[in-house]
**Student:** 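Pasting in a structure now, in structure tokens, and then I'll have a few things to ask.
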Amino acid sequence: MLAFISRRLLQSVFVMLAVSLIAFTLFRFVGDPVAQMVGQETSVADQERIRDSLGLNDPITTQFVSFVSDLITGNFGFSYRTRQPISEMILSRMPATIELGIVSLLISLLIGVPAGIYTALHRGGAIANTILVTTLIGISIPTFVIGIFLIFIFGVQLGWLPTFGRGDVVTIGWWQTNFLTIDGWRSLLLPALTLGVYQLTLTMRLVRSEMQDVMKTDFIKFARARGINRHSIHYNHALRNTMVPVITIIGLQFGGVIAFSIVTESVFQWPGMGLLFLDSIRYVDIPVMSVYLVLIALMFVVINLIVDLLYAVIDPRVRTGATH
Amino acid sequence: MLSRLKRASVENELLYLFLHSRVAQLAALISVLMMGAAALAAFVAPSNPYDLASFDLLDSLLPPSYMDGGDARFLIGTDDQGRDLLSAILYGTRLSLTVGLLSVAFASILGVTLGLMAGYLGGRFDTIVMRIADVQLSLPAILTALLIDGIARGILPQQRHDDLMLVVLTVAIGLSLWVNFARTARASTFVEKNKEYVQATQIMGMHPLRIMFVQILPNILGPIMVILTVDLAVAILLEATLSFLGVGVPPNQPSLGTLIRIGTEYLFSGEWWIVIFPSLTLVVLIVAVNVLGDFLRDALNPKLR
């Protein structure tokens, strides 16, 4: 087990190093950092001095090492566009994205899991088929189109819900939350639904196929043969075994939710990290781009690691690689 | 000879399943119709939305012709520039499909070549390719595409960037999709390379490249076809998303995503048709391609039969 953990950790470190290298290359070679920082009237000598003081004349390996150690210590540098420290910019945007992600994940679970169980247990039934066809369409509709349709129906035609921004927020320390005001919840509803629908279809299809697989196994047949009542077989035996892989996939989905929030945040002008990243691409704000890249990769790597370790705890074959 | 016979029977089976699936037929019909209409856009569209002389700002924001204030010339209304929306959608579909097809072609050639070589050669090459794939899988496709687009923006001057936008977009989407092809090709090659026909060609002293691309490749096309179809839908979706976010194709050549972005600005003032019609076109296109992909996956997967 220890060997497995260390191998997996090493792999994660490798991925993070590779991503930092990409981010570094971006930062160092796409556009000239000095030209971005100074005005046009700065003399060549002054530019050279800035270049020196930033360490841009050091050997490239030294620069990479200091880039990585800056990242590790949380010293993310400054945005070209706003001249603010990037760590501050990201910290102020993070709560919006995380709250949006949590609520949409909850929507996806609260609807997706029961719907998946239902369609698995009632194969071929009229309601189950309707749900399945709906999800196939749901999976094909781009997130931004879902958002626009929701805005059109609930914002424009019915006028029930706000369609952009976070609405009233309450500030606790540096964390601005939507959860404590009614207006905050109303503003959160449409973006969270938009982001949740795609995840919902994934959750539902996953729960359904896992549950169907479990229902075919011998121990369920045996449980039937023993005359255990249907309800108990479905919810005590089958569901419990279904939930193991489902829980791990849900961990991965949270990463997806945060990444896809870029689109949703753009539709609803939700002031989160995704919108920040989008702005950084539009204005070629390279430092913000590279920091965002590293942070998102870190999040995915950590989630992947946890999922793999969970699997290893549950299934001993994974540890030794016996399946290959 | 034997492998040719086997392939023929697989194709017949596919045909048989296709002839017995109404849903697949409908999806294929819609896909072909839309692709045909898009390919012939220059002939079937009432006007040319790329030609500045063909539209008039005075015609802007007209509703569909069946509504009050509609104009018979514009069946489903006009956009903010006075372009005929139907023509814009036809040309936009052409652009979306072109970028989609090109980027999937790019992704599949790159991915299959790397996967085939990784699977056949193994060793260090395999390790390197799969490590790169691991790194890339740690980022969602939309992020990779956005990032490549951002890098291109940084490297190329503004004017060049606008000119090369289609190339940049194709490369960005293609590079974010190759991993699936590589992994599939590699896994299938692992299975194939231990079969007797491959061993026979090795003994005959055939060149490894020839073994890979002439002997093995035709036998692993099945699963690759499935990914090709599924990823076409993904590529169309990615292009639309990038254009919607305003980092895709230039605004003077609107794709479906661009039209939808323009349309959202008019959603609140009541001009709903600019956003609704392109959105519906996009959704129908993606659903049709996805259904075809689902059909292929089920038909080519013996486990499900």
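Chain letters run A, B, ... following the sequence lines, proteins first and then strands; every chain starts at 1.
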**Student:** Chain A: which of B/Leu147, B/Val289, B/Val275 shares the most heavy-atom pairs with it under 4.5 Å?
**Tutor:**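 Between B/Leu147, B/Val289, B/Val275, the count favours B/Leu147.
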**Student:** With a 4.5 Å cut-off on heavy-atom pairs, point out which of B/Leu237, B/Thr241, B/Ile276 contacts chain A the most.
**Tutor:**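 Looking at each option in turn, the highest pair count goes to B/Thr241.
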**Student:** Heavy-atom distance under 4.5 Å to chain A: side chain of B/Ala240, backbone, both or neither?
**Tutor:**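 Contact with chain A: backbone and side chain both.
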**Student:** If you draw a 6.0 Å radius around CZ in B/Arg183, do more than 12 non-hydrogen atoms from other residues or ligands fall strictly inside?
**Tutor:**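 Incorrect, the count does not exceed 12.
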**Student:** For A/Phe149, give me all partners under ring-ring contact (aromatic ring centres under 6.0 Å, His included), at least two apart in sequence or on another chain.
**Tutor:**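 Once residues adjacent in sequence are excluded, A/Phe149 has no partner under the ring-ring contact (aromatic ring centres under 6.0 Å, His included) criterion.
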**Student:** Run the side-chain contact (heavy atoms from CB on, under 4.5 Å) test against B/Val23 and tell me which residues pass, sequence neighbours left out.
**Tutor:**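 So B/Val23 forms a side-chain contact (heavy atoms from CB on, under 4.5 Å) with B/Ser21, B/Val291.
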**Student:** Which residues, numbered in order, of residues 270-279 of chain A come under 4.5 angstrom of chain B by heavy-atom distance?
**Tutor:**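 Result: A/Phe277, A/Leu278.
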**Student:** Strictly by modelled atom types, are A/Thr203 and A/Ser108 linked by a side-chain donor-acceptor pair under 3.5 Å?
**Tutor:**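 A donor-acceptor contact under 3.5 Å links the two side chains.
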**Student:** If we ignore angles and hydrogens, is there a donor and acceptor under 3.5 Å between the side chains of B/Ser103 and B/Thr170?
**Tutor:**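 Side-chain D/A pair, B/Ser103 to B/Thr170: absent.
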**Student:** Any heavy-atom pair between the side chains of B/Ile151 and A/Leu26 that's under 4.5 Å?
**Tutor:**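 The answer is yes; the side chains approach within 4.5 Å.
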**Student:** With a 4.5 angstrom heavy-atom cut-off, which part of B/Leu282 approaches chain A: side chain, backbone, both or neither?
**Tutor:**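 Contact with chain A is through the side chain of B/Leu282 alone.
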**Student:** Using the test side chain to side chain donor-acceptor pair (under 3.5 Å), find all partners of A/Ser20 that sit at least two apart in sequence or belong to another chain.
**Tutor:**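 Listed in chain order: nothing, the list is empty.
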**Student:** With only heavy atoms counted, which part of A/Val145 is less than 4.5 Å from chain B, the side chain, the backbone, both or neither?
**Tutor:**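 The side chain, not the backbone.
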**Student:** Are A/Leu193 and A/Ser104 packed together at the side-chain level, in the sense that at least one heavy-atom pair is separated by less than 4.5 angstrom?
**Tutor:**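 In short, these two side chains do not touch, never coming nearer than 4.5 Å.
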